[in-house]
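Note sheet for the following structure.
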Amino acid sequence: CDCYAYGLVASGFGADLVVEADLGIYDYCALVPVVCCAGGRMTDWEGRELTLQSHEFSKGRVVAAANEALWRAAVEVLRRNDGPSPKFS
């Protein structure tokens, strides 16, 4: 089950980072509040918030991290070849 890795990130046991591509919105939409409410961060590869409306832009590219520092590092690596560094809020 795809959600298992996100559960590990949210629980703090066994995984600190999940990076996936080509997901449908149904694959990750319910996982966003689980990861974020557990203290993690989950966005698209550009660092944009995942919403029903943003799926068109994210194209199913999702990164979930157990903490802010790890998320920043992952997004920086994912964006390295796609232009300038991300502007984090």
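Considering only heavy atoms from C-beta on, Glu76 comes within 4.5 Å of Arg80 through its side chain. Using a 4.5 Å heavy-atom cutoff, the side chains of Ile25 and Leu52 are in contact. Using a 4.5 Å heavy-atom threshold, the side chains of Val19 and Trp45 count as touching. The side-chain heavy atoms of Met42 and Tyr28, taken from C-beta on, include a pair separated by under 4.5 Å.
In this structure, the separation between CG on Leu23 and NE2 on His55 is 8.5 Å, given to the nearest 0.5 Å.
Contact between Val75 and Gly47 at its shortest, heavy atoms only, is CG1-N, 4.0 Å. Here the closest non-hydrogen pair linking Ala5 and Ala15 is O-CB, 4.3 Å. The minimum heavy-atom distance linking Ala65 with Val35 is given by the pair O-CG1, 4.2 Å.
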*asked:* Is there a side-chain contact (heavy atoms from CB on, under 4.5 Å) between Leu50 and Cys29? Walk through the geometry before answering.
replied: CA-CA 8 Å; Leu50 294 169; Cys29 190; over 6 Å; no

Let me see the working for Leu17 and Val9 under side-chain contact (heavy atoms from CB on, under 4.5 Å), right down to the final yes or no. CA-CA 6 Å; Leu17 183 69; Val9 169; 5.8 Å; no

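Trp71 and Val32 end up in different hydrophobic clusters when Ile, Leu, Val, Met, Phe, Trp and Tyr side chains are linked at under 4.5 Å. No path of Ile, Leu, Val, Met, Phe, Trp and Tyr side chains, each step under 4.5 Å between heavy atoms, connects Val18 with Leu70, placing them in separate hydrophobic clusters.
Remark: Glu20 does not engage Arg61 in a salt bridge, criterion side-chain N to carboxylate O under 4.0 Å.
For Ser58 (side chain) and Asp44 (main-chain N/O), no donor-acceptor pair under 3.5 Å exists by modelled atom type. Using a distance-only test at 3.5 Å, with no hydrogens or angles considered, no donor-acceptor pair links the side chain of Ser54 to the main chain of Phe57.
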